[in-house]
Amino acid sequence: MIKLIPVNQVSCCEAPVQEKGKLPVAIIGAGPVGLAAAAQLISKGESFMLFEAGDEVGANIRKWEHVRLFSPWQYNIDKAAKELLLKTNWVAPQNEKIPTGKEIVEHYLKPLAALPELSPNVHLNTKVTAISRKGLSKVKTSGREKLPFVIHVEQNGSSFIYEARAVIDATGTWSNPNPLRSDGIFSEEEKALKSHISYGIPAVLGKERNRYSGKKVLVVGSGHSAINTLLELVELQKEESGTEIVWAVRKANIEDVYGGRELDGLQARGELGTRIQKVVESGAVKVLTAFHIEKLQKQGEQIQVSGTIKDEQVVIDHIDEIVGNTGSRPDLSMVREVRVLTDPSLECVYELAPLIDPNVHSCGTVRPHGEKELRQPEKDFYIVGAKSYGRAPTFLMATGYEQVRSIVAALVGDMESAQKVELELPETGVCSLGASSADSCCEPAQVKEVSSDCCSPSKTEKAGSNSCCG
């Protein structure tokens with residue numbers, strides 16, 4: 001039985017004592033990885049409770065539900081979750097089909113959360129505000145591993161405390177976007193202009209069409225989100241000729257943005273690069289490379305953006321709307337009283353930093369990793385999914401599924417299974433950006449064979465412990 005204790009009625013210290021080992025595992029975030037963790041726990045006969053701040057599972061995906069993923073269904077469904085669903089009248093989607101965000105929610109996450117094994121333990125509209133050990137701050141060491149975690153939440157206007165024997169934080173980073181300024185700081189000017197700035201992937205051809213139609217739009221960023229935004233804006237431009245598109249990219253070479261193209265193991269991902277290359281070459285989009293934004297200011301009812309290109313001042317005038325696709329960062333405020341070790345630059349789980357650092361390589365996949373790499377100084381506390389990658393942009397759902405499979409195995413004492421981490425992912429067709437070929441994690445595209453410490457972009461490989469590109 002899970003205890004629910006209103007803070008304003010009973011303090012956590014007055015609650016009846018319950019053995020830590022009999023408490024459930026707390027999962028935070030009901031996205032694909034959080035729900036996969038629940039499915040894995042069910043497969044092991046373990047109790048859990050899942051907290052979701054939104055009003056439905058996959059709430060963050062709803063914000064980009066109009067976008068088609070570049071990975072087909074075979075990479076988007078957790079194996080334990082699929083086994084549970086197949087026991088019902090659920091019809092599995094075709095492996096090779098590529099879903100939209102909406103289809104991920106409607107055809108996978110919602111049916112999964114509605115299963116009788118999951119549904120009673122999923123708490124919607126429940127925001128976790130803090131996590132700690134019962135009765136101890138992070139300073140105290142003696143005996144802390146024997147104490148349960150306390151999860152402080154806000155639920156329907158009231159505050160509650162739950163207890164758990166372990167915590168899996170799968171809250172992601174989508175709701176915490178990076179600012180437009182290249183120095184990573186949200187200026188007061190940017191905050192003041194929020195009605196003209198959209199972070200994420202707006203529905204340019206859908207419900208937000210009028211916002212961008214016939215306007216001068218600045219898109220900032222160089223990842224897949226920016227490419228999706230630009231491709232939709234170009235389609236809008238064909239119908240509304242007054243639509244002007246400017247693309248600000250920090251990279252010095254626009255070729256670096258196109259990715260692996262025809263060499264990408266995921267055809268749809270490669271096609272994004274090919275399509276945006278054609279758009280740029282057509283002149284439909286004005287591209288500013290090596291552009292570092294320094295200042296935003298109001299210009300009547302419009303915006304002026306100032307920055308530098310190779311130390312020269314550049315000003316973009318009369319912007320109506322800005323789309324920020326500069327990535328996102330983890331919100332670590334709720335784990336302030338938990339002993340968490342993160343990389344100082346990426347804010348990712350510390351042991352993952354050498355595998356995903358964009359300063360070192362640009363691979364869209366990563367060496368398989370599990371409980372061992374995700375282990376924190378705070379025993380039985382784990383950060384998983386996109387949040388485990390911090391500010392690094394290369395996370396894929398399948399990676400998160402293998403993370404939680406390994407963690408759950410460790411939580412039930414099956415360390416042999418936890419350590420057998422394998423992951424099958426297609427390569428991106430791109431290689432290291434910041435290293436010589438001798439030090440690169442990925443061999444150049446012309447290499448035909450896969451050695452024990454590299455990967456070929458020309459085909460999908462089953463990644464073992466020695467493959468750096470998973």
Side-chain angles (χ1 to χ4, degrees), residues 1-6 18 22-63 65 73 76-93 99 101-129 131 148-149 151-172 174-175 382 384-385 397 400-401 403-405 407-409 411-412:
M1 182 176 178
I2 299 172
K3 295 178 292 182
L4 181 66
I5 309 166
Q18 187 171 355
K22 295 180 180 180
L23 289 168
V25 175
I27 306 167
I28 311 172
V33 178
L35 286 166
Q40 292 289 342
L41 286 163
I42 290 170
S43 72
K44 302 296 183 182
E46 293 291 312
S47 61
F48 71 93
M49 48 189 175
L50 195 159
F51 304 115
E52 167 57 47
D55 58 5
E56 66 174 327
V57 298
N60 278 336
I61 294 179
R62 283 295 192 191
K63 298 173 183 177
E65 66 177 13
W73 275 109
N76 299 325
I77 299 179
D78 172 69
K79 291 179 181 178
K82 186 175 184 178
E83 289 179 5
L84 289 173
L85 286 164
L86 288 175
K87 294 176 182 178
T88 70
N89 59 359
W90 179 74
V91 178
K102 182 177 181 179
E103 289 168 339
I104 288 285
V105 176
E106 296 290 338
H107 301 322
Y108 173 45
L109 299 184
K110 289 181 73 174
L112 179 59
L115 294 175
E117 300 96 326
L118 271 83
S119 181
N121 303 311
V122 177
H123 304 274
L124 301 177
N125 296 305
T126 305
K127 180 178 176 58
V128 174
T129 57
I131 305 168
F149 290 95
I151 320 295
H152 294 249
V153 307
E154 292 179 356
Q155 186 178 55
N156 299 321
S158 299
S159 298
F160 299 91
I161 297 176
Y162 292 81
E163 293 183 8
R165 74 176 185 91
V167 177
I168 299 174
D169 179 356
T171 51
W174 185 261
S175 295
Y382 300 94
V384 300
M397 270 190 274
Y401 296 159
Q403 287 179 340
V404 295
R405 184 210 61 79
I407 287 168
V408 169
L411 288 175
V412 299

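Fair warning: this is a prediction, and the values are worked out from it, not measured in the lab.
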Evaluate the criterion side-chain contact (heavy atoms from CB on, under 4.5 Å) for residue pair Y382 and Q403; output intermediate values, then yes/no.
CA-CA 10 Å; Y382 300 94; Q403 287 179 340; over 6 Å; no

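- Rounding to the nearest 0.5 Å places CD of E52 at 6.5 Å from CG of L124.
- Side-chain contact check for F48 versus I42: some heavy-atom pair is nearer than 4.5 Å.
- Checking side-chain atoms of S43 against main-chain N and O of L41 turns up no donor-acceptor pair under 3.5 Å.
- For the pair A113 and L118, the tightest heavy-atom approach, listed with the atom from each and the gap, is O-CB, 3.9 Å.
- Closest approach of L109 to P32, counting heavy atoms only: CD2-CA, 3.8 Å.
- The number of heavy atoms from other shown groups lying within 6.0 Å of NZ (K127) does not exceed 12.
- To the nearest 0.5 Å, atom CD1 of residue I161 and atom OG1 of residue T129 are 9.0 Å apart.
- By the 30° and 60° cut-offs, the orientation of the rings of W73 relative to H107 is tilted.
- Using a 4.0 Å cut-off between charged nitrogen and carboxylate oxygen, K87 and E117 do not count as a salt-bridge pair.
- Distance CD/E56 to CD1/I61: 9.5 Å, rounded to 0.5 Å.
- For the side chain to side chain contact (heavy atoms under 4.5 Å, CB included) with L411, the qualifying choice from R165, Q40, K44 is R165, the only one to do so.
- Distance check: W174 CH2 to K63 NZ gives 9.0 Å after rounding to the nearest 0.5 Å.
- Distance alone, capped at 3.5 Å, is enough to place a donor-acceptor pair between the Y401 side chain and the N76 backbone.
- Checking V384, I27, I168, T171 one by one against V33, the side chain to side chain contact (heavy atoms under 4.5 Å, CB included) holds for a single residue, V384.
- S159 and E154 make their closest contact through OG-CG, 4.3 Å (heavy atoms, listed as atom of the first residue, atom of the second, distance).
- Between W90 and L85, the shortest heavy-atom contact is CE3-CB, 3.3 Å.
- Using a 4.5 Å heavy-atom threshold, the side chains of T126 and V128 count as separate.
- Taken to the nearest 0.5 Å, the CG atom of D78 stands 8.0 Å off from the CG atom of L112.
- The two atoms that bring A30 and L35 nearest to each other are O-CD1, 3.8 Å, heavy atoms only.
- In this structure the side chain of P93 reaches within 4.5 angstrom of the side chain of I77, judged on heavy atoms.
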Could you walk me through whether V57 and L50 satisfy the side-chain contact (heavy atoms from CB on, under 4.5 Å) test, starting with their C-alpha distance in whole Å, then the side-chain angles of each, then the deciding distance to 0.1 Å, before giving a yes or no?
CA-CA 10 Å; V57 298; L50 195 159; 5.9 Å; no

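- Counting only distance, with no hydrogens or angles, the side chain of S119 and the backbone of P116 share no donor-acceptor pair below 3.5 Å.
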Chi angles and distances behind the side-chain contact (heavy atoms from CB on, under 4.5 Å) call for F51, I151
CA-CA 10 Å; F51 304 115; I151 320 295; 3.9 Å; yes

Quick one: do Q155 and N125 satisfy side-chain contact (heavy atoms from CB on, under 4.5 Å)? Show the steps, please.
CA-CA 6 Å; Q155 186 178 55; N125 296 305; 5.8 Å; no

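- The shortest heavy-atom contact between A37 and V408 is O-CG2, 4.1 Å.
- Residues E65 and V105 have side chains not in contact (no heavy-atom distance under 4.5 Å, counting atoms from C-beta outward).
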